[in-house]
Amino acid sequence: MSQRSITSFFGKK
Amino acid sequence: MFEARLAQSAILKKVLEAVKDLLSEATFECSDSGIMVQAMDNAHVSLVSLNLRSDGFDKFRCDRNLSMGMNITTMTKILRCASSEDTVTLRAWDNPDNIIFIFESPSKEKLAEYEMKLINMDQEHLGIPETMYSCVVKMPSAEFARICKDLSQFGEAITIACSKEGVKFSAAGDYGNANIKLAQTAEVDKEEEAVCIDMQEPVKLTFACRYLNSFVKATPLCAQVKLSMSADVPLVCEYSIGEIGHIRYYLAPKIDD
């Protein structure tokens, strides 16, 4: 299994 | 001028212990409404969102909005110098280079001041969308901490499966596997001992133990933890901080390669 980055879910403001 | 006072430093001590594993530094945004922190761990896998409302402080004054970059490791060391019963005051001037932590004993006979240099940090805020979660589980925080600790012995990840029947935590590894099922509690004498499941759709997600075990460092803050989950979106693990605010941890799920 691989781990996604949290930034791929929440866009930068 | 910025000045925020809590009658007991215990809350702030617990907050620091709850974030220090994940964050080495973070920006504290101070305004009329309170103190907010939003920061990712170094690997950008999890996000910590801390909110302390101004009305929860015994005294709160913030003449103009301030962004203060704090070294969490140093701040944790400073807070460890306070006794839980000490009053804690955070003080900074406008355009500050330093923040001052003042600890006063209940008898007022001991007054300690610690000054910490602020750091310049790149501001990087993420927009967290409003989400309706498929499953929201409320359970005793100590039970969640225990489950994370126990299952971490078996593998690097914990799968959380939530259905109408209850919530199942499982882990599998080279030495075997383990699973723990919790049913919704029918009747409880104490609210903080309840397991409560609000399910719209069943959910099954897998998360890295390492991060879950960091989140449960917030256990002393609240008797209950709230886990919000939907397919393919980050878990939200939330602890209330008394009447003053909350800490939310967001964790991206692991995905099949």
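Throughout, a chain's letter reflects where its sequence line sits, starting with A, and its residues are numbered from 1. Excluded from the calculations below are hydrogen atoms, water molecules and symmetry mates; all remaining heavy atoms, backbone and side chain alike, are included.
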### Message
Tell me if the CE atom of B:Met121 is crowded by more than 12 foreign heavy atoms within 6.0 Å.
### Response
yes
Could you list each donor and acceptor atom pair linking chain A to chain B at less than 3.5 Å?
unit_1  : atom_1 : unit_2   : atom_2 : d
A:Met1  : N      : B:Asp257 : OD2    : 3.4
A:Ser2  : N      : B:Ile255 : O      : 2.8
A:Ser2  : N      : B:Asp257 : OD1    : 3.3
A:Ser2  : O      : B:Ile255 : N      : 2.8
A:Ser2  : OG     : B:Asp257 : OD1    : 2.8
A:Gln3  : NE2    : B:Ala252 : O      : 2.8
A:Ser5  : OG     : B:His44  : O      : 3.1
A:Ile6  : N      : B:His44  : O      : 2.7
A:Gly11 : O      : B:Gly127 : N      : 2.7
A:Lys12 : NZ     : B:Glu124 : OE2    : 3.1
A:Lys13 : N      : B:His125 : O      : 2.7

### Summary
Closest non-hydrogen contact found for B:Leu47 with A:Ile6 is CB-CG1, 4.2 Å
### Task
Specify the closest pair of heavy atoms between A:Phe10 and B:Gly127, including all atoms of both residues, with the distance to one decimal.
CB-O, 3.4 Å
